[in-house]
Structures are given as structure tokens and as C-alpha cells.
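Values reported hereafter were calculated over all heavy atoms of this structure, with side chains retained and with hydrogens, waters and symmetry mates removed. None of the values given here were measured: they were computed from a predicted structure. Below, read A as the first sequence line, B as the second, and so on, with proteins coming before strands; counting in each chain starts at 1.
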Number of protein chains: 2
Amino acid sequence: MVMINIVKISRALGDPVRYKIMLLLANSESDCCPQPSTNGGPLGLCNCEIMAHTGMIQSRVSYHMKELTEAGLVTEEQRGKWKYYYINTATLKDYAGQIKTDLCR
Amino acid sequence: MVMINIVKISRALGDPVRYKIMLLLANSESDCCPQPSTNGGPLGLCNCEIMAHTGMIQSRVSYHMKELTEAGLVTEEQRGKWKYYYINTATLKDYAGQIKTDLCR
DNA sequence: TGACAGCATCAAAATATTTTGATATGTTAT
DNA sequence: ATAACATATCAAAATATTTTGATGCTGTCA
């Protein structure tokens, strides 16, 4: 059982910009740069694609991706000079499960 | 299907003070004032009990209970001059479910 | 009704987070 | 090695949230 921090994950998801990025990651396939590895889950996007989809500047995207990564919601993968981000579904499933066991009784 | 706002709920849970209150509500039974209604779920606590458990001043507790209530995480019940709060487990279950269906694929 | 208990609300202060532009770091291709 | 590109980091500014103390409102009980 992985250790997850409910408050940290909630806080990460509780920002509209970051939640939008999570939805993007869950629903988009990469279409630029080298293709990410086939990991069975979402294919992920690179920083530049997130910039394009959201219209945000680079440092802003970087900042939010770091928040998501540190919460364990997103996994990074360096591929050449690009960095891919994809959703860590294990964390989300643990999170959803723990919310229910800890708070619903 | 109730309309829930994932960002708002996440934000509400993403504050350490509020998450602590949620755990309190999930694990405590009221032991003061008139007993709350038997609603099948957690019995809830009144503002004064939350103050006692957390050591926080009244206006601070009030502020956070409002945030939790507005997110739909907590339901209020006025009983005499006391106000009881109890966890809204339906919202939490919908939340956990939607997190999984929207972000895990 | 008056006194008081419990909670809500408000404005100001304190604190935290987010955004931006500049600059640094790391990778690839020439 | 150098240039060019992708991303990270930093410090300052902008913005948002939380905390506090004061005050207001409502219900209870003498």
C-alpha cells in the first residue's frame, strides 16, 4: 500500500488550472515530439502540448506540473529534450478509496 | 445524479484544518447539547464541540464549516440554539466515483 | 422582556499561493 | 563546441485564502 497524502492530493486537484490539466491528460493523446512509451494508461502530453492546449506560458505550466507531480498525481518521463507527463491512476484510485474508507461510515 | 463540483470539493478537502474536521466528524459522536437526529450516518458535532476538539476559536470554526457546507461535504442541522454538522457521505461517494471515471482511463 | 449562550458575519491583518518575466539548466543537432 | 530548443527555477508582483477580534443575530430561559 503506497503512502498517500490526502490533503496534498486534494489541494492539488482543488485548483481549476490543475484540474483542467488533469482532464487534458486523461483525454488527450500526444501528437508532437517523440511518442511516449506505451504504458497501458493515458499516453501523456509534453509541456509544450499543455501550453498549446491551455494557452498558458511555459513557466506557469511548469509550476503546476510540479505541484501535480509532487502530489503523486502525475508521473514524469523524460524523452529526449521533451518531458512527458501522464496521470498516475494508482494514486487516484488509492485516493478515491481512502476518501471513502476514512470519511464515509 | 446530484451535481457536484470536483474542484470545489477538492479545494475544501485540501486544507489541513478542514480535513481534520472531516475526520473528527467521521469518527466522533456528539456528547453535548441536545442529541442530533438519528440519520443513519455519522451523528455529527456542534460548533462548540469542534472548537473543543480542535482548540480553534469560534469564528474560525464557523468559517471552515461554511466552506465545507458550501462544497456539499457537510450538512447543517439547527437544533435549538445549537447547530449540528454531519458529513454528507453521498457527496463523498459521488466525488470518489467521479474522480475515477473522469481521470482514470 | 432582559440576559445570556451559540453561531454568523465583517473588516483588517496575516499568510499562502499563483503568475510573470528573466535567467539557468539540460538535451539535441549541426 | 556552438546554436537552438524544451523545460526548470528564481525573485518580485499580483492575487487569494485564512485568521482574528469586534459586532450582530437568533433562540432559550429566567
Quick one: [X] [atom1] to [N] [atom2], roughly how many Å, whole number?
X	N	atom1	atom2	result
B:E76	D:dT26	CD	P	15 Å
B:K66	C:dC7	NZ	C1'	12 Å
A:M51	D:dA8	CE	P	11 Å
B:Q78	D:dT26	CD	P	11 Å
B:Y85	C:dG6	OH	C1'	10 Å
B:M65	C:dT9	CE	P	14 Å
A:E49	D:dT7	CD	P	9 Å
B:Y84	C:dA8	OH	P	14 Å

Between B:N47 and C:dA5, is there a contact of a side-chain N or O with OP1 or OP2 at under 4.0 Å? no

Does A:K83 make a side-chain N or O approach to OP1 or OP2 of D:dA8 shorter than 4.0 Å?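 For D:dA8, OP1 or OP2 has a side-chain N or O of A:K83 closer than 4.0 Å.
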
Report the residues that fulfil salt bridge (Lys or Arg N to Asp or Glu O under 4.0 Å) with A:R60, sequence neighbours left out, ordered by chain and then residue number.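 Partners of A:R60 under the salt bridge (Lys or Arg N to Asp or Glu O under 4.0 Å) test: none.
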
Listed partners of B:T69 passing side chain to side chain contact (heavy atoms under 4.5 Å, CB included), at least two apart: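 With neighbours one apart ignored, the set is B:V74, B:E76, B:Y85.
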
Can you tell me how far the CG atom of B:L103 sits from the CG atom of A:N88, to the nearest 0.5 Å? 12.0 Å

Are any protein N/O atoms closer than 3.5 Å to N/O atoms in nucleotides 17-23 of chain C? If there are, list each pair with its distance.
residue : atom : partner : partner atom : Å
C:dT17  : OP1  : A:R11   : NE           : 3.4
C:dT18  : OP1  : A:D15   : OD2          : 3.3
C:dT18  : OP1  : A:R18   : NH1          : 3.4
C:dT18  : OP1  : A:R18   : NH2          : 3.0
C:dT18  : OP2  : A:R11   : NH2          : 3.3
C:dT18  : OP2  : A:Y63   : OH           : 2.5
C:dT19  : OP1  : A:R60   : NH2          : 2.6
C:dT19  : OP2  : A:R60   : NE           : 3.3
C:dT19  : OP2  : A:H64   : NE2          : 2.4
C:dT19  : O5'  : A:R60   : NE           : 3.4
C:dG21  : O6   : A:S59   : OG           : 3.4

For B:E70, check side-chain hydrogen bond (donor to acceptor under 3.5 Å, both in side chains) against everything at least two apart and list the hits.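 side-chain hydrogen bond (donor to acceptor under 3.5 Å, both in side chains) list for B:E70, sorted by chain: empty.
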
How would you list all residue pairs meeting salt bridge (Lys or Arg N to Asp or Glu O under 4.0 Å) that involve residues 12-21 of chain A, not counting sequence neighbours? none

Which pairs of donor and acceptor atoms, one on a side chain in residues 92-100 of chain A, lie under 3.5 Å apart (sequence neighbours left out)?
residue : atom : partner : partner atom : Å
A:Y95   : OH   : A:S10   : OG           : 2.8
A:Y95   : OH   : B:Y95   : OH           : 2.7
A:Q98   : NE2  : A:D102  : OD2          : 3.2

